[in-house]
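Below is one structure; the comments refer to it alone.
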Amino acid sequence: MRRGLAGRLRRLRVAAIPAVLVFLASCASHAPQDSLKAHGPVARKEDNLFVAVFIVAALVFFLVEFLLFASVFKHRHRPGRPDPIQVHGNTKLELGWTVVPALLLVGVAFPTIFTIFDLAKEPTKNVLPVEVYGHMWWWEYRYPTLGISTANEMHIPTKTPVRLSLRTIEPGLPAAKGEDFAAGVIHSFWVPPLAGKQDVVPGRVNKLTIQADEPGDYPGQCAEYCNLSHANMRLRVVAQTQNDFQAWVVQQAKPVVVPGGGDAAAGYKLFTGRGTCIGCHTMQGVQGATARVGPNLTHLMGREKFAGDTFDINPENLNRWIHNPSKMKPMRPEQGTGMPDLVDTGPHLTDTEINQLVAFLTTLK
Ligand code: CUA
């Protein structure tokens with residue numbers, strides 16, 4: 001008997017551990033992907049709706065629990081007490097607990113519907129359009145009005161509505177008849193401090209507005225399971241003042257600076273020739289180097305991380321990456337998704353050649 005009780009207690013304690021951990025996680029001070037800390041008007045509208053609904057739900061919860069416990073306590077069995085009076089149904093009470101929740105739901109529905117329509121509204125003044133493409137497993141951003149493109153780290157000016165058109169494509173796979181690119185899989189674009197999630201769905205162009213109040217780094221990630229490297233499909237929105245953003249745009253629009261000599265020049269020759277890199281990557285200023293299978297690398301060093309905002313951009317990591325990309329990040333290049341192995345297959349790059357390629361890549365400011 002006693003043993004059974006001890007076992008049950010132990011099991012209860014084990015079951016409580018995850019609950020305690022989840023509770024403690026809410027105390028984290030460094031939580032950059034916190035959707036409860038809005039950094040722009042879109043996220044703020046969503047947060048306001050959440051808080052309003054949460055307050056109503058919490059009041060209902062405490063009221064119901066209070067009535068439940070009060071009733072149990074009041075009518076508990078005590079020695080000498082006769083059986084309680086047996087009743088069947090109570091029309092007034094039943095009407096009450098049907099009508100009051102219905103009214104509460106109507107009350108919650110109004111702000112919800114208004115917020116949904118408000119968020120779906122196309123901003124009209126001073127809008128920056130950005131085309132977002134979900135690839136397996138990184139994000140491509142194209143700025144149609146500025147003629148530039150980049151990967152994983154999206155720069156935006158502050159206090160400006162940025163209208164995103166979200167598509168999923170997989171240029172490494174064969175396209176269907178009449179299509180420019182093969183449709184990819186479903187992703188979800190999510191930058192919690194700036195806006196809620198928006199699914200990125202094959203065959204559709206979904207829209208989302210984001211806007212940042214202040215300059216800053218706002219991390220996000222793909223929020224829809226998209227196969228092998230879903231967890232490595234991170235992203236970042238870098239919000240800048242108008243001046244900083246303009247300077248960034250000017251830099252991004254520049255063509256590649258061809259290195260004059262040394263390892264970097266040899267790397268440039270490899271990149272545009274035997275190395276087959278331009279088969280997948282854009283290099284502005286190089287004729288025909290406009291492929292979109294992998295990220296535009298013209299200004300690689302202007303970004304902090306690569307491979308879906310996962311690894312720091314430095315010579316060591318780039319070297320490791322070219323040696324064996326799938327070892328750093330799970331990918332299936334043999335099926336057209338991800339960076340291929342250029343050492344054991346394709347051009348069979350040597351260590352010297354990889355060093356030359358890295359020397360060139362690190363000149364790409
Ligand atoms: Cu893309 Cu998950």
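Counting convention: from 1, in listed order, for ligands and their atoms alike.
- By the neighbour-count criterion of 12 heavy atoms within 6.0 Å, atom CZ of R204 is sparsely surrounded, having that number or fewer from other residues, nucleotides or ligands.
- Y141 is connected to I210 through a chain of hydrophobic side-chain contacts under 4.5 Å among Ile, Leu, Val, Met, Phe, Trp and Tyr, so both are in one cluster.
- Within H230, the N/O/S atom positioned nearest atom 2 (Cu) of ligand 1 carries the name ND1.
- The SG atom of C226 and the SD atom of M233 meet at atom 1 (Cu) of ligand 1 at an angle of about 110°, given to 10°.
- Of all the N, O or S atoms in H187, the one closest to atom 1 (Cu) of ligand 1 is ND1.
- Side chains of N296 and T298: a donor-acceptor N/O pair is present below 3.5 angstrom, by distance only.
- By the 4.5 Å heavy-atom criterion applied to side chains, W139 and V200 are counted as neighbours.
- Summary: O is the N/O/S atom of E224 found nearest to atom 2 (Cu) of ligand 1.
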